[in-house]
Amino acid sequence: MMKGGKSLLRVTDFEILLDKSVKVHGHLCPGQVLGVRMSMLGLSKIGVEDPKGTDSKNIMVFVEMDRCATDAVQSVTGCSLGHRTMKFLDYGKMAATFLNLKTGRAVRVIAKEESRQKAKEYFPEIENKYEAQLQAYKIMNDSDLFEVMEVQVTVKPEDMPGKPLRRIRCDSCGEHVQDMREVHRDGKVLCRPCDAAGYYQLIGPDIF
Ligand SMILES: [Zn+2]
Ligand SMILES: [Zn+2]
């Protein structure tokens, strides 16, 4: 799968990568198997061999689900929200895009819906469907498990890793907003929850 040389992502390393991701995630599940395989495939297609070493500054991953597989993607790629190398898009899809920041090459990998059904056919004797999926996802071909598409992703400067480009104070709540997430409306600078309803409602005076 790789053009020679020592690689962290050889097929034979699957079990090692799975083992690591299970430790991070807390349990072995079909999502770990899918996430590890999805990441190995995505990274190989964008020409990244050593995501946690020499290539660590060259990758960004866009995950479209906050599910088990997301932890596996983080574990294999080394990308994380905190490093700004993992972006979460709340699409509810079992998909992720792997971007090589150096070359601009990007592929989006999505788990095929049919693979769920196929998993049962691989292991009809296993009654528990998650167990059947888990075992089948380990051995199914990449092309049976995933659809892979070449895509172009443009990353805005304010979304790149590195120091925040700006910090600005919200005219309404007084809290500071960084990374240009503020909204300019009617001559005012507002944070997003002040501009439109946020995810929380204040229910009393500050505790501190
Ligand atoms: Zn899980
Ligand atoms: Zn505000």
Side-chain angles (χ1 to χ4, degrees), residues 13-42 61-82 86 88-96 98 109-113 115-120 122-123 126-140 145-146 158-159 164-208:
D13 286 338
F14 166 74
E15 290 290 345
I16 297 169
L17 293 172
L18 180 63
D19 210 53
K20 278 188 189 159
S21 97
V22 166
K23 284 202 181 83
V24 169
H25 181 60
H27 62 238
L28 174 61
C29 58
Q32 295 315 291
V33 179
L34 269 185
V36 168
R37 293 205 49 190
M38 176 182 266
S39 304
M40 291 173 74
L41 180 62
V61 58
F62 302 76
V63 290
E64 300 182 17
M65 70 282 164
D66 52 349
R67 287 278 171 189
C68 291
T70 309
D71 283 349
V73 173
Q74 171 158 351
S75 165
V76 174
T77 63
C79 293
S80 74
L81 281 175
M86 174 179 274
F88 169 55
L89 292 311
D90 201 3
Y91 295 172
K93 295 189 188 183
M94 188 58 95
F98 302 82
V109 183
I110 182 163
K112 283 185 175 172
E113 197 56 31
S115 63
R116 292 168 177 271
Q117 182 56 37
K118 264 203 183 132
K120 270 188 250 168
Y122 269 77
F123 291 98
I126 303 179
E127 268 178 46
N128 183 306
K129 78 169 179 183
Y130 291 105
E131 183 59 27
Q133 281 174 1
L134 201 159
Q135 297 306 334
Y137 292 166
K138 283 185 180 181
I139 58 169
M140 283 166 76
L145 271 183
F146 303 113
E158 62 265 34
D159 293 334
L165 296 181
R166 184 157 78 206
R167 281 175 59 78
I168 197 163
R169 194 168 178 268
C170 171
D171 285 334
S172 176
C173 69
E175 293 178 0
H176 282 79
V177 178
Q178 54 188 31
D179 299 316
M180 298 158 92
R181 266 47 171 181
E182 72 274 12
V183 181
H184 296 263
R185 198 175 299 283
D186 304 330
K188 280 186 174 174
V189 175
L190 298 171
C191 67
R192 287 181 178 174
C194 284
D195 179 57
Y199 70 91
Y200 56 87
Q201 290 89 43
L202 292 175
I203 54 169
D206 286 357
I207 295 168
F208 288 107

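Values reported hereafter were calculated over all heavy atoms of this structure, with side chains retained and with hydrogens, waters and symmetry mates removed. In this text, all values refer to a predicted model and were calculated from it rather than measured experimentally. All ligand and atom numbering here is 1-based and tracks the order in the structure.
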Cys29 SG to Cys68 SG via the Zn ion (ligand 1), rounded to 10°, gives 110°
Nearby protein N/O/S atoms (those under 2.8 Å) for the Zn ion (ligand 2), with water ignored:
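Only Cys170 SG, Cys173 SG, Cys191 SG, Cys194 SG fall inside 2.8 Å of the Zn ion (ligand 2).
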If only atom types and distance count, is the side chain of Glu64 paired as donor or acceptor with the main-chain N or O of Gly92 below 3.5 Å?
no
Side-chain (Thr70) to main-chain (Met65) donor-acceptor, under 3.5 angstrom:
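Yes; at least one donor-acceptor contact below 3.5 Å.
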A quick test of your reading: do over 12 heavy atoms of other residues, nucleotides or ligands sit less than 6.0 Å from CZ of Phe88?
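More than 12 heavy atoms, drawn from other residues, nucleotides or ligands, come within 6.0 Å of this atom.
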Presence of salt bridge, Asp159 and Arg181, under 4.0 angstrom:
yes
Quick one: do Glu182 and Arg166 make a salt bridge, cutoff under 4.0 Å?
yes
Which atom, counting only N, O or S, brings His25 closest to the Zn ion (ligand 1)?
NE2
On a heavy-atom basis, which atom in Cys170 and which in Cys191 lie closest, and how many Å separate them?
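Here Cys170 and Cys191 meet closest at SG-N, 3.3 Å.
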Ignoring hydrogens, what is the shortest heavy-atom contact between Phe146 and Met38? Give both atom names and the distance.
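Heavy atoms only, the tightest pair is CZ-N, 3.6 Å.
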